[in-house]
Every structure is written in C-alpha cells, then in structure tokens.
J.: 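Below are the structure tokens for one structure; questions will follow.
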Amino acid sequence: MSLAIHPATSEYLSLIRRKRLYGGILVALFAVLLASGFRVADDRNAGGFFEGFHRILDFPTEIFSEAATNWRNLPGLFVQFIPSLIETLNIAAVSTLFGALLASLLAFLSTRGLALWPRMIPVFRTSMDIMRAVPEIVIALVLIFLLGGGPVPAMIAIAFHTTGALGKLFSEAAENADIKPVEGLTSVGGNWMQRVWLGVFPQVAPNWSSYALLRFEINIRASAILGFVGSGGIGYDLKTALQWGQGKYDQVVAIFTLLLITISIVDHFSDRARARLVKGGNSA
Amino acid sequence: MSMAAADMNSLRSDLVRSFLRRKRFSLAVPGLILLYLTYIFFAFDVPGLVSRARPENAAILLGDFWSYKTHVTRDNRTGDVQAAIEGERKGEYPDGTMPDWVTTGEETAIALPHGAEVRYLADGSAALSIPEFGDLHVGLDGRQIVATLPDGTNVPDWMSLSRNRISINQNDWRFSMTPAKTETFRYQMGWELFFFTLDSQFHGRSAGELIALAFWEPRLEPDRSNISAMARDVWTNKMWRHGDVAWAMGETVLMAFLGTMGAGLIALPLAFFAASNFAPARWLRLSLRRVFDLLRGVDGLIWTVILSRAFGPGPLTGSLAILMTDTGTFGKTFSEALENIDDKQVEGIQSTGASAVQRMRFGVIPQVAPVILSQLLYYLESNTRSATVIGALVGGGIGLLLTQAIITQKDWEEVCYYMILTVITVMIMDNLSGWIRRRIIKG
C-alpha cells in the first residue's frame, strides 16, 4: 500500500501524457500539411522538384562560364550599369524618405495620448494596415498604366507600402515614449505641433531612424524586383539581359555582382548605424 | 572666485557653441533633403512625367473598377441582334433573351439612362432620341453613313461623324455605327455575373429566391441538390473564374507556408552548429555564418531567376526562392537566440544526470521555442505578401493573375477583385499570426 503512487503524481503523469499526445498530434498534423503542401506545389509547378534538383547549378555554371570567357567585358559592364544601379538606389531612398515622413504623421495621429483626433485612431490604424497589405507590384503596375514607365511609379508604390509598414512600427515606438515631457509642454501652453516635435520626437528619433534604415535595406530589394516587373532601374536591365539569353550572360553576371555588392555594403553600414542609434538611445 | 567665473564662462561658451551646432545641424538636414529631392526631381524626369501622364486613363480605371458595360450589337449584314456583357463571348445572353431594358421584335428598342433611347429600325437604320438634343436618324447609304441631325443643330463635341463611322459618347452610354455593325454600350455599376453567369439557371434571381431554392424548393436538376448546383455554378463561373482565383490565392499562401516552414526546418539544426556555445568547431561556425550571409545577401530576385531555370515556372519555384532567403535570415536569428540562452537551466538538467539529447530537449528548446515560433509566424505573414510579388516573377499564384489582368488594360474589375482578395488574405494572416504569437509569448 505504501508503494502506491500518490494520486497527485498519477494525475501529473496523465497530464504529461495528454500534453505529449496533443504535441504529437500537432507535429503530425504539421508534417502532413507540409508534405501535402509540397506535393501540391510540386504538381502545379512546370518542372518537378526531383527532375530539377540536379539542374540547380546548371544555370549559374552556364552564365559564369560565359562571363569567365568574356571576363574582359566585366569592368566596362560594371561602369555601364552604374547609372541604373543609382536609379534603383534612388527609388529606394526617396520612397523610404517619403514613406517615413508620411508614416511619422500617421503614427502621431494614431498613437493613444498624442492623437489630434482620438476618435479617428481606428481609422488611421486600419488605413495603415491596408497600406501594408497592398503588394507593391499592384500599385506599380496600375501607376505604369496611368503615368507611363520610369522610376516614379515604382517610387510611389514602394513609398505607399513603406508608409504602412513604418507607420505601425513608429506608432508602437511612440506609444512606449515617456508622456511626461508632453504633459510639461501642455502645462506651459504648447500646441499639438510643439508637443509632438519637442516632447515626443526627440525620444523616438533614434528608434525611428533605425527602423527607417532597416526599411531602406528592404526597399533596395523591392526596387530591384519592381524594376524587373515593369519600371526602371537595374531590375529592368536584368530582365532585358535575361530575355536576350546566351551572349548577354556577362551582363547578367555583372548585374548580379553589382546587386550583391551594393546590398552587402548597405546592409553592413546600416547594421552598424542601427546598432549605434539604438545603443545611443538607451544610454542617453 | 575668478576660477569659478572662468569655469562658468567656458561652460557658457560651450553651451552656446553646442546650441549653434545643433541649430546648424537641424537646418542642414532639411536643406540636404531638399537638395536631394531637387536632384531627384530632375533625375526621375518629373517634368517629362507630367506630359506623359494619361489622366484620362484614371477615369477609365476608376470607372471600370466598379462598373461593367453591356453591348447590344446588330450585325448589319444579317440583321441579328446580340447582347453581351463586356462584349465577351462568355458574357453573351443566350438566344432569345435580352436584358430587361431591351425589347426585341420588329425593331429593337434600347432604353438608356436619363430618358435616352436607341431603336434599331427594321430597315437597318437606327433612330436615337437624346434629351436636350433631339431626335437623330442614322442610316446606311450603300457603304456610307448618313446622319440626319435635329433641325438647327451642328455636330456636337460628343459626336464624331465620318463617311464610314459615327460614334456618340455620353457619360453612361455609347452608340456607334459602321457599315458592318451597329452597337450600343450601356454602363452600369457593380460587378455583373459575379456569382452566376447567364447560362446558369440561378442567374437573375433575388437573394430570397436563391435561399428558398437552396433549402426547400424542388430541385432544378434531378440529380443534384440546388445548393450543390449553386456552388458548382459559382465555382465554375466563366467570367470571374472563382475556382481558379481560389486556387491561385491558395498557391500564394502555400508558397509562403512552404518557404517559411521549410527554411525554419533547415535553419534550426544548422543554427546549433553556428552558435558559439554549441558549435563543435570554430571553422564550421564561421563558414556557416558566411553561408547564411550569402543566402540572405543574394536578393530574392536573383534566387527566383536561378531557380526558375531549374524548376520552371510555378509555386514550387516561388516557395524555394522564399526558402533560400529565409534560411539565411533564420540561421542568423536562431543562432543568436541560441547564444543568448541561460546556461543555468541546462546545468540544472545536467545535474540530474541527463544525456546530451535530454539537455537539449528540456534545457535548450523550451528557452528558444517562443523566439523561434514567433519569428516563423512573423515571417509567414510577411512572406504571404512577398509571395504575391514572387508569384508574378515565377508565374504562380495570385501575382500571376494580377499581372495578367493588369497587362490586358481592360479587366480592371478583375484587378480590383484580386486586390481586395489579396489585402483580405494578408490581413487575415497578419491577425492570425499576431494572435498565435501573443498566445505563445503569454504561454
């Protein structure tokens, strides 16, 4: 009798067993979902996974071997594509700038305790959610129809999405800001602009700049992709070179290299700047 | 005393200088931005853009987003009259049927908004009555158009008239006649045929009638219940292709799901080898880190290009492209999470004599699981959006349908439909992943 398991223990053990069972079912369900999802994707793809798998390296080999035979062209091609690279970077920079400006406005309007019209907070929040959800490519293609080609449609499209994405992050940061400076400014009769500009902005500026920099990194990639689908920049050059096919693979390699180098450089510097911004913000 | 005064003075001048510096800084930043924007203004050729812009397209686009037109066409050789929505074959009214504002018989009378009317007369000519303008007769003399305008009027600016074509543009209807055919377009609001096409037995019935049919009225088709016939007719709707659209949307979500989860499954074990407190060898850790950097650094665009060559277009290629980039991202974040774990928990479990596997299972995994899961969910949500763009590149999912519809430059109502669907899906994923994340973090 003294060896009998204490009722609490047996209850605990059965609880554990049930938990494991649920966990097991969940994992099994997940595995089934993943496997069947893979099957569906494989079926609906033009080429199958297993036929294509050994060919992954074919295309890189092809382009790099062509580029290797024409390696003398590469420096000239780098110079040739610099203007479109700059255009891609400009699209990303301007859209980040405009997006961040609009986002800060929306963020102040949709932060509790700061909003100019507190009743409108849900409206601004929802509009930011929608702006975030609309894919850039849709806006870009519609604007190409309205404005013709060029970098401006891509810029507006990315800025629109950036506004929504940054607006959410900005307002979360503003919500965590200390409200005391704002109260102090209110007590001396500061108006809304002064309260926001002098009371909150200095608190959130480091965090906001860090988010904006991260967004800039993302927007460079987006701008390259949008170029590929329609508008200007280096993405468009890549598309033309790829459509040409053999004979222009040295251009493809040059564009790949330029993109890779640019993205690594920007990522590196923005990483460092962000680390400094956030650290500086905490110690101050 | 003088020392303190000197200190005060130097402090004062320091402060003044620091304020001046701040002042200059706060003026310089907007100045630089302005300068940059001026450069962009010319680099992006904004003045040229204004001249190239086609504002009239905006009107077409906005009108088309939420309206449709019905063509009533007479073939002037045979005399046959046919009505079709958007003038498409799949929107044709079956023989003998017409919209209720068209009456057929000896002559065809088309009632138009604001009291206007067009009649296709039996002799092949057409009579139009337009309020505030008068009655108009358009006939054919051999191969030539002859228009008789109301007395005392000239050709107005909404009408264009030539030897072999007349066209009249009003806001909500249009009329045109050529030797080959006479055509009237009527514009109406809404998405026509959204649920049932004209060949469906359920077309044109009210919501009440449909509910009655679905639940208690007798079957219209003996071998099928009404509700399943309705579902079939909606699913196979030829105008809106709901079935294909649902598949495409599913493909997009599937791309995001497979890409994110696949990347997570690959990155998790690798992360152990890349975390400084678990890595068996320094060279392995450093080289894995470089591999992660490379996967992340190579843009999604480049991955799609390379993978499309191997696997062809489709959702699998898209999910593999997402998988590639995200393996790099997850490898980095997971290994950082592993480096930040608390060793005490692992030591506590070790002290009970646990094996290495048990230490992992009970000491490490519970600490990193919330971080990993919330990362996975966050990326699942953001990848749903990226999958739209990637779908356009690799030719799969809703992205493909969107780009196809936009390129035709006339199916704007479909563009609108896909856009709304995409936004709703992304928002659902957003809320779902936010909800699960909050639950996980709370425990």
J.: Quick one: of Pro315(B), Gly396(B), Gly399(B), who has the most non-hydrogen atom pairs under 4.5 Å with chain A?
T.: Pro315(B)

J.: Please classify the contact of Leu265(B) with chain A as side chain, backbone, both or neither, using a heavy-atom distance under 4.5 Å.
T.: side chain

J.: Identify the two heavy atoms, one from Val138(A) and one from Ile406(B), that lie closest to each other, and give their separation to 0.1 Å.
T.: O-CD1, 4.2 Å

J.: Heavy-atom distances under 4.5 Å only: say whether Ile424(B) touches chain A with side chain, backbone, both or neither.
T.: neither

J.: Can you name the nearest heavy-atom pair linking Phe257(B) to Phe30(A), along with the distance?
T.: CZ-CE1, 4.1 Å

J.: I need the residue from Val423(B), Ile302(B), Val46(B) with the largest number of non-hydrogen atom pairs under 4.5 Å to chain A.
T.: Ile302(B)

J.: Taking atom CG of Leu254(B) and atom CG of Leu33(A), what is their separation to the nearest 0.5 Å?
T.: 9.0 Å

J.: Sort Phe98(A) into side chain, backbone, both or neither according to what part of it lies under 4.5 angstrom from a heavy atom of chain B.
T.: side chain

J.: Could you pull out the closest heavy-atom pair between Ala41(A) and Leu316(B), with the gap in Å?
T.: O-CB, 3.7 Å

J.: I'd like to know which of Gly250(B), Pro313(B), Gly312(B), Ala392(B) tops the heavy-atom pair count under 4.5 Å against chain A.
T.: Pro313(B)

J.: At a heavy-atom distance under 4.5 Å, which candidate from Leu393(B), Val389(B), Ile407(B), Val50(B) has the highest pair count against chain A?
T.: Leu393(B)

J.: Just give me the residue among Val426(B), Leu301(B), Leu37(B) that pairs up with chain A most often, heavy atom to heavy atom, under 4.5 Å.
T.: Leu301(B)

J.: With chain B as the partner, which of Ile137(A), Leu141(A), Leu260(A) has the greatest number of non-hydrogen pairs under 4.5 Å?
T.: Leu141(A)

J.: If we define contacts as heavy-atom pairs under 4.5 Å, which of Leu57(A), Ile130(A), Ile225(A) has the most with chain B?
T.: Ile225(A)

J.: Between Leu146(A) and chain B, with a heavy-atom cut-off of 4.5 Å, which part of the residue counts as in contact: side chain, backbone, both or neither?
T.: both

J.: On a heavy-atom basis, which atom in Leu258(B) and which in Gly37(A) lie closest, and how many Å separate them?
T.: CD1-O, 3.6 Å

J.: Between CZ of Phe49(A) and CG of Leu320(B), what distance do you get to the nearest 0.5 Å?
T.: 5.5 Å

J.: Using only the distance criterion (under 3.5 Å, no hydrogens considered), which donor-acceptor pairs connect chain B with chain A?
T.:
| from | atom 1 | to | atom 2 | distance (Å) |
| --- | --- | --- | --- | --- |
| Tyr36(B) | OH | Asn90(A) | OD1 | 2.7 |
| Tyr39(B) | OH | Asn90(A) | ND2 | 3.1 |
| Arg54(B) | N | Leu146(A) | O | 2.8 |
| Arg54(B) | NH2 | Phe145(A) | O | 3.4 |
| Asn57(B) | ND2 | Phe145(A) | O | 3.0 |
| Glu251(B) | OE2 | Arg44(A) | NE | 2.4 |
| Glu251(B) | OE2 | Arg44(A) | NH2 | 3.3 |
| Arg296(B) | O | Arg221(A) | NH1 | 3.0 |
| Arg309(B) | NH1 | Tyr249(A) | OH | 3.3 |
| Ala310(B) | O | Arg55(A) | NH2 | 2.8 |
| Phe311(B) | O | Asn45(A) | ND2 | 2.8 |
| Phe311(B) | O | Gly47(A) | N | 2.8 |
| Pro313(B) | O | Ala46(A) | N | 2.8 |
| Gly314(B) | N | Asn45(A) | OD1 | 3.4 |
| Leu316(B) | N | Asn45(A) | OD1 | 3.0 |
| Thr317(B) | N | Asn45(A) | OD1 | 3.4 |
| Thr317(B) | OG1 | Asn45(A) | OD1 | 3.4 |
| Thr317(B) | OG1 | Asn45(A) | ND2 | 3.3 |
| Arg385(B) | NH1 | Arg132(A) | O | 3.1 |
| Asp430(B) | OD2 | Arg132(A) | NH1 | 3.4 |
| Asp430(B) | OD2 | Arg132(A) | NH2 | 3.3 |

J.: What verdict does the side chain to side chain contact (heavy atoms under 4.5 Å, CB included) test give for Ile306(B) and Phe256(A), after you've listed the backbone C-alpha separation in whole Å, the side-chain angles of each residue and the deciding distance to 0.1 Å?
T.: CA-CA 11 Å; Ile306(B) 292 177; Phe256(A) 276 9; 4.2 Å; yes

J.: Name the option with the most non-hydrogen atom pairs under 4.5 Å to chain B; the candidates are Val94(A), Leu259(A), Val142(A).
T.: Val94(A)

J.: If you tally heavy-atom pairs under 4.5 Å against chain A, which of Val305(B), Leu294(B), Ile390(B), Ile33(B) wins?
T.: Val305(B)

J.: Relative to chain B, which segment of Leu97(A) carries a heavy atom at a distance below 4.5 Å: side chain, backbone, both, or neither?
T.: side chain

